Every structure is written in structure tokens, then in C-alpha cells.
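Here's the structure we're looking at; comments come further down.
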Amino acid sequence: MNDTERPLNFIEHIIEEDLKNGFSNEALRFRFPPEPNGYLHIGHASSICLNFGLGLRYNAPVNLRFDDTNPAKEEQEFVDAIKRDVEWLGYKWDTERYASDYFQQLYDWAVALIKAGKAYVDSQTSEEMANQKGTPTEPGTESPYRNRSVEENLSLFEAMKAGDFEEGQHVLRAKIDMTSSNMLMRDPIMYRVLHKAHHRTNTDWCIYPMYDWTHGESDYIEQVSHSLCTLEFAMHRELYDWFLDQVVDQNKIRPKQREFARRNLSHTVVSKRKLAKLVAEGVVTGWDDPRMPTISGLRRRGYSPESIRNFADTIGIAKRDNLIDVSLLEFQVRDHLNKIAPRVMGVLDPLKVVITNYPEDKEEWITAENNPGDEGAGNREVPFSRELYIEKADFREAANKKFFRLKLGHEVRLKNGYIIKAESCTKDTDGNITEVQCTYDPKSKSGSGTEESLRKVKGTLHWVSIKHAITAEVRLYDRLFTDESPDTHKDKDFMDFINPDSLEVITGYLEPSLKTAKIGDQVQFQRMGYFCVDTDTTPEKLIFNRTVGLRDSWAKIEQKN
RNA sequence: AGACCCGUGAUGUAACGGUUAGCAUACAAGAUUUUGAUUCUUGUUGUAAAGGUUCAAAUCCUUUCGGGUUUUCCA
């Protein structure tokens with residue numbers, strides 16, 4: 001990581017300040033704490049890159065901690081998916097932890113709190129408690145159970161743990177301040193009864209600790225030095241600190257919670273509920289649909305871990321609201337794929353070209369560079385013959401000189417091959433061009449070194465020999481939503497902004513070298529974009545996803561006119 | 001409404017009282033190019049507003065304006 005010269009973000013400033021004030025570099029420790037109740041998305045990726053990036057920068061351990069305190073929502077499946085995604089992003093955690101590992105410790109501490117008169121069992125309904133909570137401007141009122149004796153609280157809490165009560169009958173609350181301007185300090189719930197099997201502790205417990213009571217204490221148990229979370233938790237900090245005050249040992253590290261703004265990516269949604277709806281309603285095929293902002297979706301789409309890390313790096317971390325244009329992400333994939341993706345030729349919207357002066361039975365194999373920017377990428381052979389496909393968009397009967405592709409009476413270079421000249425074309429009854437007749441200059445072969453081959457012709461087209469082409473299903477993806485911020489409109493539902501053209505499935509005609517392409521392979525279809533082999537691919541059927549198109553300044557020129 | 005947080009070009013971010021406010025993207029122009037890609041060069045746009053403190057303010061203070069968070073037995 002060559003980030004020695006990169007300016008520091010505000011979190012790093014905080015850490016540098018701590019270091020300067022005598023905090024030991026060896027005591028630095030971070031954590032990434034997902035709840036295993038769904039799939040990770042691009043927003044999580046930022047958090048992962050932040051925490052693990054800090055670990056790398058300061059050579060400090062980073063734990064992967066599952067915040068698994070709600071058995072109603074959490075599953076092992078998600079634990080596995082999260083681990084896979086973090087690994088895929090290229091990070092190694094120091095230890096794998098679970099908040100559920102701390103249930104006993106948390107319970108013991110809760111008992112101590114009761115004994116200290118700082119927690120009590122409340123036996124009201126949730127409605128009653130909500131009514132007593134007050135509002136941001138009005139103080140709350142105290143529960144009638146607030147001053148139960150320690151003995152009564154202890155026996156009730158033990159009975160809660162023993163399973164003597166139904167869900168909702170009792171909760172354990174911290175006794176703080178019902179008049180606090182911070183609603184979270186108005187006697188927050190620490191435990192609730194939940195008769196649900198947990199994916200790890202099974203039925204060992206029927207009371208489960210709440211987030212606030214769990215998170216800071218888990219950080220403390222793991223001796224996390226800097227606990228980073230999103231801005232929504234800023235108000236929780238006061239409670240985080242209050243809970244810590246109850247258990248912290250002066251000789252140990254006291255974790256510090258700091259908050260950063262969640263990264264919002266344009267043209268997408270990331271809330272679990274909304275993504276689930278997209279899946280449930282069949283807008284996408286699943287959580288790993290290449291249009292989804294999930295890590296698994298991005299992976300399937302062909303994004304590389306490196307491009308996502310670079311993205312996280314360039315967008316940085318701060319506290320202000322943001323809406324990051326998805327083009328910043330797209331730039332990073334292009335940038336990375338440009339370096340590593342082998343170049344191949346594939347025609348996606350074919351138009352037949354016949355080279356009339358090329359012998360009918362002749363074929364030749366032409367050497368093509370795999371990556372002009374990478375000497376080590378080597379070469380491959382591409383077949384050339386009399387009948388080829390080019391893109392429909394690459395031929396016009398007539399056009400101005402800004403159009404430097406094929407037009408009648410003019411020449412163009414076939415990439416890696418010959419210079420051809422369009423002589424005539426044929427049309428169907430509707431006037432659509434069905435075939436272009438060309439002649440080629442036999443001495444103009446690429447790399448032959450002849451005077452003819454060195455001739456400058458403005459346009460260069462990709463092509464594929466019809467006889468040798470293999471076909472593949474090609475899935476052209478576009479952004480899922482037409483609005484840059486689909487879920488922020490008060491009067492409209494995010495579903496109203498679904499892009500009806502987010503997926504176009506076509507048949508592509510590809511050079512035969514692609515026959516051996518394997519799932520996950522990433523290539524550049526020259527002049528078209530970056531593509532990867534989809535997981536739906538079978539030995540019988542090859543499927544490509546378009547990761548992202550190339551920059552297209554021609555499209556801009558055309559648009560202007 | 002209270003409390004808390006936040007306002008730097010089209011987007012993201014940096015500058016932490018001290019050069020012409022930097023970097024990436026975007027956009028524009030030019031060069032190179034057997035990908036209208038890449039690469040290279042150059043350029044364009046910004047400190048929400050008003051007051052103050054100071055020799056000096058994006059940075060400190062005040063006010064206004066704007067945005068966000070906060071009232072789940074979720075995390």
C-alpha cells in the first residue's frame with residue numbers, strides 16, 4: 001500500500017492525534033462488525049476498506065465480528081457469504097469473532113449492573129414504555145417498575161434467563177435518565193426475551209442483549225481501540241460510553257467510537273428491504289444479479305476487488321452527506337481492467353461483409369496482440385476469411401468525414417488484418433442493409449511491414465470470420481434505476497424509477513479463441529467494452545456479462561449532431 | 001421543536017490560521033494511436049450567506065440559510 005503520501009482522512013487524523021498523545025501503536029486494533037442478516041453491499045465495502053485499510057496502514061489487527069444478537073433475522077448462510085465477500089475483497093481478518101461468544105460475559109455484567117442499582121426489570125408492555133418515552137422536546141416519565149428492589153430485579157432477570165416468561169413480558173433496562181435530551185439515554189432496553197434458536201448458541205439463551213449493550217462491550221472485550229461506525233450511531237455514542245463506564249478497567253484499552261458518513265452511490269439502493277423487494281418481484285434474478293450493488297453482484301458483473309478498493313480509496317471517508325456518482329466506480333473498473341484484460345474481438349450487432357476479391361476457400365490465421373499495453377500478455381491467432389461480420393453501426397452508405405468507419409468508396413482497417421474498401425451494399429425490401437461488398441488490399445496485412453500495410457487509414461474496425469465465429473449469449477447491463485437517488489423522493493417510490501432497459505440479452509459472434517473461456521474470465525471486446533464470463537455458463541452455452549462499456553467519445557459526437 | 005452532526009467546482013475528497021485552494025473523476029481542446037479505447041499535454045468551474053477576531057480565515061467565533069440524524073423489545 002503506497003499510501004504514505006496520501007493525505008489523511010479525519011479518522012486517521014484522530015488516530016495520529018492519539019498516537020501523538022502517547023497511545024501505543026501496538027494497541028491499535030479495529031474491527032468490521034456486520035450483522036449476518038443479509039448480503040454485503042458496496043456501502044459495506046467502504047467500511048471494510050476503511051477498517052482493514054487502517055489495519056494495513058498501522059500494521060494493526062482487524063477482527064471480523066458478527067453482530068449476531070438477533071436470532072430472528074440472522075443465519076449461518078449470511079455468515080458464510082460475508083466471509084467470502086471480505087476475502088474476495090482481498091482482506092485477512094485477525095480473528096473471527098461473534099457477539100454471541102460474549103453472551104455469558106454480557107449477562108454477568110448485567111447482573112452486576114442490577115446489583116449496583118443501575119438496571120431494572122420492567123414489566124410493562126412495549127406500548128406503555130413507548131408512551132413513557134416522551135418526545136425530543138418533552139422528558140419521559142419513569143416506569144412504575146423503575147425502583148424495584150435489587151433482589152426482585154435479580155430474581156426476575158434470572159427467571160427471564162431461565163425461560164419462565166413469554167416474549168414481551170419483561171425486559172431489562174438500564175437505569176439512566178428519563179429526562180435526557182438524548183432519547184437513547186431514557187432507560188434503554190438491555191435485554192429482551194426471545195424464544196428463538198440462535199444459529200450458533202441454539203437454545204442456550206432465551207434472552208438476547210440489544211445492540212447498544214452489546215456493541216461497545218464487545219469492542220472492549222476484543223480490546224478494539226477505534227470502533228468506527230456510520231453517522232446514524234452518533235447519538236448512540238453517549239450510551240456506548242455510559243455502558244463502557246460500568247465495566248471498564250482502567251488498565252485496559254477503552255474503545256473509542258467515531259462516526260463517518262455512509263457512502264451513497266448514485267443510481268442504486270442498498271437497503272436490505274429494498275434489495276429484497278427487487279429480488280422478490282423478479283426485477284433482478286437474485287442477490288448476485290450483476291445489476292445489484294451487492295458485493296456478490298459486483299463480482300458477478302466483473303468488477304475486480306482491486307477496482308473496488310481503489311474506488312473506496314479515491315472517494316475517501318468524511319462526515320458530510322454525499323451521493324457518489326457511479327461513474328467514479330466505473331472509472332475504476334475500466335482503469336484496472338484496461339491493465340489486465342486480454343483484448344479479443346466480438347461482434348454484437350452483426351452486418352455481413354463479403355470480400356469479393358478474397359478466394360472463397362481461403363482462410364488464414366492472423367497474429368493478434370492480447371494486450372498492446374502489456375508486453376507479457378503474448379499473442380493469439382485469429383482466423384480471417386472471405387465472409388466476415390462487422391458491427392452494423394460501423395457501416396454507412398454515406399457519411400461526413402467525422403464518420404471514420406466504413407462507407408461506400410472508402411477504406412478502413414480491419415483490426416490486425418487488411419485494409420478493405422466498401423464497393424457496394426445490398427438491402428432488403430425494407431431498405432435495411434443486409435450485406436456489404438468490399439475489396440481488400442492483399443498487401444496491406446497488419447504487421448507485414450509492406451508499404452501498403454503502413455498506410456494510414458483513419459478507421460479501424462473489429463470483426464469476426466463468420467465461418468469460424470462462436471456464438472455466446474451476451475448480457476448488456478445498464479444501471480438499474482433511471483434516477484440518481486431513487487429512494488429519496490417523498491412523493492415517489494423507488495420502484496417507480498426502475499430502468500426498463502437495465503438488461504438487454506443478445507447473441508454475440510466471437511472469435512474462436514473464446515471457446516475455452518472459463519467462468520469469471522475478464523476480457524475486453526475491442527471497441528465495445530469489458531466483459532466477463534457469467535456463472536450461468538455451461539459447457540454447451542457460453543454467457544458473457546458486460547461489466548462496463550469503454551469510454552465512447554464517438555457517442556458524444558453523434559449526440560451533439 | 002429540542003439535541004447532535006454536516007455545508008469546498010458537476011461528483012468525491014484534501015488543505016487543520018500563512019504561497020496563485022491541491023488531487024481523482026467529469027467536461028473541453030490538442031498530440032499520439034491498427035481499439036473514436038489507452039497514453040500524454042493544456043485548459044474550465046469551488047470555500048452556502050453575513051458579520052466578527054487576526055498582520056493573515058475554507059480553517060477560530062456569532063448569526064442566518066440549507067441538509068442530515070434522533071422518538072424499533074432491529075442493527
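Just so it is clear, the values below take in all heavy atoms, side chains as well, and ignore hydrogens, waters and symmetry mates. Naming: A, B, ... by sequence-line order, numbering from 1 per chain. Everything numeric here is computed off the predicted structure, so don't read it as measured data.
Nearer the 5' end of RNA chain B, as judged by each residue's closest nucleotide, is the contact made by A:A318, out of A:L328 and A:A318. Remark on RNA chain B: of its neighbouring residues A:S444 and A:D212, the 5'-side contact belongs to A:S444, judged by nearest-heavy-atom nucleotide.
For A:F103 and A:H198, the distance between ring centers is under 6.0 angstrom. For an aromatic pair to be called close, the ring centres must be under 6.0 Å apart, and A:Y418 with A:F384 satisfies this. For A:Y530 and A:Y303, the distance between ring centers is not under 6.0 angstrom. Separation of the A:Y120 and A:F157 ring centroids does not fall under the 6.0 Å cut-off. Taking the six-membered ring wherever Trp is involved, the centroid distance between the rings of A:H236 and A:Y240 does not fall below 6.0 Å. Proximity of the aromatic rings of A:F260 and A:F10 is defined here by a centroid distance below 6.0 angstrom, and this criterion is not met.
Salt bridge A:R343/A:E369: absent, no basic N to carboxylate O contact under 4.0 Å. Comment: A:E391 does not engage A:R527 in a salt bridge, judged by the lack of any side-chain N to carboxylate O separation of less than 4.0 angstrom. Ion pairing between A:E364 and A:K445 holds under the 4.0 Å rule for side-chain N and carboxylate O. Look at A:R262 and A:E232 and you find a salt bridge, because one of the NZ, NE, NH1 or NH2 atoms lies within 4.0 Å of a carboxylate O, short of that distance.
The salt bridge (Lys or Arg N to Asp or Glu O under 4.0 Å) contacts involving residues 450-464 of chain A comprise A:E411-A:R455, A:D441-A:R455, where partners must be two or more places apart or lie in separate chains. Within the structure, salt bridge (Lys or Arg N to Asp or Glu O under 4.0 Å) pairs that include any residue of residues 175-191 of chain A comprise A:R146-A:D187 (at least two apart or interchain).
In this structure, A:F260 atom CZ and B:G12 atom P are separated by 17 Å, rounded to whole Å. If you measure from atom CE of A:M190 to atom P of B:C73, you get 15 Å, rounded to the nearest angstrom. Rounded to whole Å, atom P of B:C73 lies 10 Å from atom CZ of A:R192. Going from atom CG of A:L329 over to atom C1' of B:A24 covers 14 Å, rounded to whole Å. Atoms OH (A:Y208) and P (B:A75) sit 12 Å apart, rounded to a whole Å. Regarding A:F66, its CZ atom lies at a distance of 16 Å from the P atom of B:A75, rounded to whole Å. For A:E259 and B:C5, the CD to P distance is 10 Å, given to the nearest whole Å. Atom CG in A:L323 sits about 16 Å away from atom C1' in B:C6, given to the nearest Å.
Closest contact between the side chain of A:K456 and the listed nucleotides B:G12, B:A75, B:U34 involves B:U34. Of the listed nucleotides (B:U34, B:C27, B:G67), B:U34 has the atom at the smallest distance from the side chain of A:R413.
Atom name P, nucleotides B:U19 and B:A57: the rounded distance is 11 Å, in whole Å. Taking atom P on both B:A49 and B:G9, the two are 10 Å apart, rounded to the nearest angstrom. When the C1' atom is used for both B:G30 and B:U11, the distance is 26 Å, rounded to whole Å. A distance of about 7 Å separates the C1' atoms of B:C61 and B:U53, rounded to the whole Å. Between B:A37 and B:U32, the two C1' atoms lie 13 Å apart (nearest whole Å). The separation of B:U69 from B:A26, taken at their P atoms, amounts to 31 Å, rounded to a whole angstrom. Using atom C1' as the reference point in both B:U70 and B:A75, the two lie 15 Å apart (nearest Å). Here, B:G43 and B:U20 have their C1' atoms 16 Å apart, quoted to the whole Å.
Residues that satisfy the side chain to side chain contact (heavy atoms under 4.5 Å, CB included) test with A:Q559, not counting sequence neighbours, are absent from this structure. With sequence neighbours excluded, the residues satisfying ring pair (Phe, Tyr, Trp, His ring centres under 6.0 Å) with A:F78 are A:Y39. Applying the side chain to side chain donor-acceptor pair (under 3.5 Å) test to A:R200 and every residue at least two apart in sequence or in another chain returns A:S100, A:D101. For A:Y145, there are no ring pair (Phe, Tyr, Trp, His ring centres under 6.0 Å) partners two or more places apart in sequence or in a different chain. Residues passing the side chain to side chain donor-acceptor pair (under 3.5 Å) test with A:Q169: none are found, sequence neighbours excluded.
Contact annotation for A:T69: backbone-only contact, meaning every heavy-atom pair under 4.0 Å involves sugar-phosphate atoms and none involves a base. Residue contacts for A:K339: at a heavy-atom cut-off of 4.0 Å it reaches no nucleic acid atom on any strand shown. Here A:Q124 lies in heavy-atom contact (under 4.0 Å) with a base. Residue A:G168 is classed as a base contact, given a heavy-atom separation below 4.0 Å to a base. Residue-level contact check: A:G140 touches neither bases nor backbone, having no heavy atom under 4.0 Å from any strand.
Residue A:R263 places at least one side-chain N or O closer than 4.0 Å to OP1 or OP2 of B:U13. Listed pair A:K73 / B:A75 fails the phosphate criterion, with no side-chain N or O lying under 4.0 Å from OP1 or OP2.
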Below 3.5 Å is the cut-off: list the nitrogen or oxygen pairs between protein and nucleotides 35-41 of chain B, distance only.
{"from": "B:U35", "atom 1": "O2", "to": "A:Q524", "atom 2": "OE1", "distance (Å)": "3.0"}
{"from": "B:U35", "atom 1": "O2", "to": "A:R527", "atom 2": "N", "distance (Å)": "2.8"}
{"from": "B:U35", "atom 1": "N3", "to": "A:Q524", "atom 2": "OE1", "distance (Å)": "2.6"}
{"from": "B:U35", "atom 1": "O4", "to": "A:R343", "atom 2": "NE", "distance (Å)": "2.5"}
{"from": "B:U35", "atom 1": "O4", "to": "A:R343", "atom 2": "NH2", "distance (Å)": "3.1"}
{"from": "B:G36", "atom 1": "OP1", "to": "A:R527", "atom 2": "NH1", "distance (Å)": "2.8"}
{"from": "B:G36", "atom 1": "O3'", "to": "A:S553", "atom 2": "OG", "distance (Å)": "3.2"}
{"from": "B:G36", "atom 1": "O2'", "to": "A:S553", "atom 2": "OG", "distance (Å)": "3.3"}
{"from": "B:G36", "atom 1": "O2'", "to": "A:W554", "atom 2": "N", "distance (Å)": "3.4"}
{"from": "B:G36", "atom 1": "N7", "to": "A:R405", "atom 2": "NH1", "distance (Å)": "2.5"}
{"from": "B:G36", "atom 1": "O6", "to": "A:F404", "atom 2": "N", "distance (Å)": "3.2"}
{"from": "B:G36", "atom 1": "N1", "to": "A:K402", "atom 2": "O", "distance (Å)": "2.7"}
{"from": "B:G36", "atom 1": "N2", "to": "A:K402", "atom 2": "O", "distance (Å)": "3.3"}
{"from": "B:A37", "atom 1": "OP1", "to": "A:S553", "atom 2": "OG", "distance (Å)": "2.8"}
{"from": "B:U38", "atom 1": "O2'", "to": "A:N338", "atom 2": "ND2", "distance (Å)": "3.1"}

Where do N or O atoms of nucleotides 16-18 of chain B meet protein N or O atoms at under 3.5 Å, pair by pair?
{"from": "B:C16", "atom 1": "N4", "to": "A:H13", "atom 2": "NE2", "distance (Å)": "3.2"}

What are the atom names and distances for every N/O pair under 3.5 Å that joins the protein to nucleotides 69-72 of chain B?
none

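With rounding to the nearest 0.5 angstrom, the OG atom of A:S307 is 7.0 Å from the CG atom of A:L329. Once rounded to the nearest 0.5 Å, the distance linking NZ of A:K415 with CH2 of A:W463 reads 11.5 Å.
The stretch residues 157-166 of chain A has no heavy atom under 4.0 angstrom from RNA chain B at all.
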Could you summarise the pairing of RNA chain B as dot-bracket text, marking Watson-Crick and G-U pairs under 3.5 Å with ( ) or [ ] inside the strand and | across strands?
.((((((..((((....[...))))((((((.......))))))...(((((..]....))))))))))).....
